[in-house]
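Both ligands and their constituent atoms are indexed starting at 1 by order of listing. Everything numeric here is computed off the predicted structure, so don't read it as measured data.
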Amino acid sequence: MFNQVTVIGAGLMGSGIAAHLANAGVNVLLLDVPSDKQGNKNYLADNALKKLLKIKPSPLTLSSNIKKIKTGNIEDHLKLINECDWVIEAIIENLNIKEHLYQKIEKIMKDDLIISSNTSTIPLNHLTKKRNNKFKANFFITHFFNPPRYLRLLEIVDSKNSDQKLKNKIIEFCDIRLGKTVVQCNDTPGFIGNRIGVYWMMKAAVDAIAFDLSVEEADLIISKIFGAPKTGVFGLLDLVGLDLMPHVLDSMLSNVKKEDEYNNFSDYPEIFNYMLENNLVGRKAQGGFYKLEKLNGKNVKYSINLKTKEYSISQKANIESLKLGNKDIRKFLDQDDKFSSYAWSVLSSTIEYTLN
Ligand code: NAI
């Protein structure tokens, strides 16, 4: 079992994975790129720890678990990976940048060091194409979902070169120590969860605009009809970070066949471009589709208008036909209004894509 793990990339996922490992009693080394902020090269990882203590719901089971996480930067501390059993890479979703890091790891790694990537979309055979046999044998994709403490699913991908003993070690550890349900996936773009999930999210967002729904209306329908959490689709995009979507989509588009329906999403909705340009990328920024702002000393929730791009105080969606649909989904889908048309469009298209 693993007692010492390095996580590289102290962003949303890396810091969340580090916290969950610490929850399981593992000593973690959390590395990011060197920073020149406040004269502290470890600033990015240090700052990630500060954020972990503030995030709600908490990524930590006990706030004192944070002491299990040591911080550093890849320039000064990469060599410390050999004091660990496993390195989890959770850096930006960009093949070239990931390859560059792997090249550095390959040069110094000990024989039995396990390396895995948290990539959402990049196939394993692309990630390891330029690596030597030892790296290939020890490399896996371990795809944690956001937030890592709370989501049970963990996808694992291996290749014909993979050392099966190491794979079984990861599966056992993630099951028993981290409480995950580990699903073994083929090395296909987006694996299982994201191949279908990102399609569904994009379709739900694009159609909400096409059917002229508010973000609240779309989120209510998506959570009720799909049994998704209350975040629906736009709340989920805020949670995941809209800035991740271009990387995920570009990666997906460059890996799927040209007749794949993902190609319908090659042009982003205008509102996405506007929000990306203005750093309205969600909870990690000043806001996204929703934002909280102080009004007369109280936190007030605002939401963006998908057409005018303006914020106003968030209004609870009130969809009469959905109240009926709670009892009978078919009856809701049979209604002749834009809400049921939207739900049917997203649902039927996602099912059709999944079947294809
Ligand atoms: P993020 O943008 O929040 O964090 C990325 C971090 O990596 C940043 O702190 C950045 O400074 C650091 N970084 C960039 N290049 C680096 C390098 N060469 N060496 C060390 N650190 C470096 O990104 P996020 O969302 O945490 O995503 C990380 C990975 O996890 C990506 O592969 C993404 O596809 C995947 N993922 C993301 C999920 C999400 O919900 N955001 C869910 C599941 C997987």
Is H100 touching ligand 1 with its side chain, its backbone, both, or neither, if touching means heavy atoms under 4.0 Å apart? neither
With heavy atoms only and a cut-off of under 4.0 Å, state how D243 meets ligand 1: side chain, backbone, both or neither.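 The answer is neither.
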Interfacing atoms of ligand 1 (cut-off 4.0 Å, heavy-atom, [X]):
X    : value
N146 : 40 (O)
G9   : 7 (O), 21 (N)
H143 : 43 (C), 44 (C)
I8   : 20 (C)

Ignoring hydrogens and geometry beyond distance, is a side-chain donor-acceptor pair present between [X] and [Y] at under 3.5 Å?
X    : Y    : result
D158 : Q164 : yes
N73  : K41  : no
E93  : T121 : yes

So do [Y] and [X] actually touch side chain to side chain, heavy atoms under 4.5 Å?
X    : Y    : value
L127 : T119 : yes
K224 : L322 : yes
F2   : I114 : yes

Does at least one non-hydrogen atom of K98 fall below 4.0 angstrom from an atom of ligand 1? yes
Does ligand 1 have any atom sitting under 4.0 Å from a heavy atom of K284? yes
Nearest heavy atom to [atom]: which of [options] does it belong to?
atom                    : options               : result
atom 34 (O) of ligand 1 : S120, A45, G241, S251 : S120
atom 39 (C) of ligand 1 : I17, L244, T119, L78  : L244
atom 19 (N) of ligand 1 : N194, I74, N47        : I74

Would you mind checking which non-hydrogen protein atom is closest to [atom], with the distance to 0.1 Å?
atom                    : result
atom 32 (O) of ligand 1 : E93 OE1, 2.6 Å
atom 11 (O) of ligand 1 : D32 OD1, 2.7 Å
atom 7 (O) of ligand 1  : I91 CA, 3.5 Å
atom 26 (O) of ligand 1 : M13 N, 2.8 Å
atom 43 (C) of ligand 1 : F144 O, 3.2 Å
atom 25 (O) of ligand 1 : L12 CB, 3.9 Å
atom 30 (O) of ligand 1 : N118 ND2, 3.1 Å
atom 16 (C) of ligand 1 : V33 CG1, 3.6 Å

For E89 and ligand 1, does the shortest N/O to N/O distance drop below 3.5 Å? no
Consider every N or O of F145 and every N or O of ligand 1, then say whether any pair is closer than 3.5 Å.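 The answer is no, given that F145 and ligand 1 share no N or O pair closer than 3.5 Å.
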Going by atom type alone, with no hydrogens or angles, which donor-acceptor pairs under 3.5 Å involve a side-chain atom of residues 199-209 and a protein atom two or more places apart or on another chain?
from	atom 1	to	atom 2	distance (Å)
Y199	OH	S349	OG	2.7
K203	NZ	D207	OD1	3.4
K203	NZ	D207	OD2	3.3
D207	OD2	S345	OG	2.5

I'd like to know if the side chain of E83 and the backbone of L80 have a donor-acceptor N/O pair within less than 3.5 Å. no
Centre of F140's six-membered ring, under 6.0 Å away, within 45 degrees of the axis: is that where NZ or CZ of K167 sits? no
Nearest-0.5 Å distance, CG of residue L49 to CD1 of residue I66: 4.5 Å
Atom CD1 in I69, atom CG in L60: separation rounded to 0.5 Å? 6.0 Å
Just list the side-chain donor-acceptor pairs under 3.5 Å for residues 226-238, sequence neighbours left out, or say none.
from	atom 1	to	atom 2	distance (Å)
D238	OD1	F289	N	2.8
D238	OD2	F289	N	3.2
D238	OD2	Y290	N	2.9

Angle between ring planes, Y342 versus F211, binned at 30° and 60°: parallel, tilted or perpendicular?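 Y342 vs F211 ring planes: perpendicular.
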